[in-house]
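What's counted below: heavy atoms across the whole structure, side chains too, no hydrogens, waters or symmetry copies. Here the structure is a predicted model, which is why all the values come from computation and not from measurement.
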Amino acid sequence: QVQLVESGGGLVQAGGSLRLSCAASGRTFRTYAMGWFRQPPGKEREFVAAIPRSGGGTYYADSVKGRFTISRQNDENTGYLQMNTLKPEDTAVYFCGVGPWATSSAKDYSYWGQGTQVTVSS
């Protein structure tokens with residue numbers, strides 16, 4: 001079993017940046033792909049970015065491509081989401097998940113963190 005804890009959320013003005021972290025317990029983090037998803041107010045959870053176990057071949061939602069960067073440090077059991085040029089529509093609770101494959105479907109992720117709130121003001 002893997003426990004995940006997200007951090008780094010907060011309130012930022014449009015155009016600003018935030019870096020989210022996803023800290024994993026145990027030594028099995030490196031055996032999982034990792035994904036970031038978000039849930040805007042009143043909406044369904046949506047895919048943001050994913051990265052495979054090895055760290056190569058990252059994937060992004062079109063809405064964040066060129067602005068967000070997903071990465072991971074397996075020796076630190078931590079994943080990251082660097083978010084630049086933030087927009088008000090990026091406001092959401094952000095979740096990290098781990099699973100066998102780096103996909104855009106939340107159903108493919110076995111473990112989730114509790115989420116961290118990101119609010120972007122205009």
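- Gln1 CD to Ser25 OG: the interatomic distance, rounded to the nearest 0.5 Å, is 8.0 Å.
- Between Gln82 atom CD and Ser17 atom OG the span is 6.0 Å, to the nearest 0.5 Å.
- Remark: Arg67 pairs with Asp90 by the salt bridge (charged side-chain N to carboxylate O under 4.0 Å, His left out) rule, at least two apart or across chains.
- Between Leu4 and Val98 the shortest side-chain heavy-atom distance falls below 4.5 Å.
- Considering all non-hydrogen atoms of both residues, Arg30 and Arg72 come closest at CA-NH2, 3.9 Å.
- Under a hydrophobic clustering in which Ile, Leu, Val, Met, Phe, Trp and Tyr are joined whenever their side-chain heavy atoms come within less than 4.5 Å, directly or via other members, Val64 and Met34 fall into the same cluster.
- Geometrically, Arg45 engages Phe95 in a cation-pi contact defined by less than 6.0 Å to the ring centre and at most 45° from the axis.
- Put simply, OG1 on Thr91 and CD on Gln39 are 13.5 Å apart, with the number rounded to the nearest 0.5 Å.
- For the pair Glu6 (side chain) and Cys96 (backbone), a donor-acceptor distance under 3.5 Å is present.
- The shortest distance between side-chain heavy atoms of Arg53 and Pro100 does not fall below 4.5 Å.
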Could you list the donor-acceptor pairs under 3.5 angstrom formed between side-chain atoms of residues 115-122 and any protein atom two or more places apart in sequence or on another chain?
| from | atom 1 | to | atom 2 | distance (Å) |
| --- | --- | --- | --- | --- |
| Thr116 | OG1 | Gly9 | N | 3.2 |
| Gln117 | NE2 | Ala92 | O | 3.4 |
| Gln117 | NE2 | Thr119 | OG1 | 3.3 |

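- The two residues Ser63 and Arg38 make their nearest non-hydrogen contact at OG-NH2, 3.5 Å.
- The OG1 atom of Thr69 lies 6.5 Å from the CG atom of Asn84; values are rounded to the nearest 0.5 Å.
- Side-chain atoms of Tyr80 and Gln73, non-hydrogen and from C-beta on, do get closer than 4.5 Å to each other.
- Trp112 and Ile70 sit in two unconnected hydrophobic clusters of ILVMFWY residues. Membership requires side-chain heavy atoms under 4.5 Å apart, directly or through other members.
- At a threshold of 4.5 Å between non-hydrogen side-chain atoms, the residues Thr58 and Tyr60 count as touching.
- With hydrogens and angles left out, the side-chain atoms of Asn74 and Glu76 include no donor and acceptor closer than 3.5 Å.
- Relative ring orientation between Tyr94 and Phe68 is described as tilted, the plane-to-plane angle lying within the 30° to 60° band.
- In this structure, Gln3 places its CD atom where only 12 or fewer heavy-atom neighbours from other residues, nucleotides or ligands lie under 6.0 Å away.
- Tyr109 and Phe29 fall into different hydrophobic clusters, where Ile, Leu, Val, Met, Phe, Trp and Tyr side chains are chained together by heavy-atom contacts under 4.5 Å.
- A single hydrophobic cluster is seen to contain both Trp36 and Leu86, as judged by linkage of ILVMFWY side chains at heavy-atom distances under 4.5 Å, directly or through other members.
- Following chains of ILVMFWY side-chain contacts shorter than 4.5 Å, one can reach Leu20 starting from Val12, so the two form part of one hydrophobic cluster.
- Applying the 6.0 Å contact sphere to NZ of Lys43 captures no more than 12 heavy atoms from other residues, nucleotides or ligands.
- Shortest non-hydrogen contact noted between Tyr59 and Pro52 is CE1-CD, 4.5 Å.
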inquiry  = One pair to check against side-chain contact (heavy atoms from CB on, under 4.5 Å): Asp108 and Trp101. What are the steps and the verdict?
reply    = CA-CA 7 Å; Asp108 292 331; Trp101 308 109; 5.6 Å; no
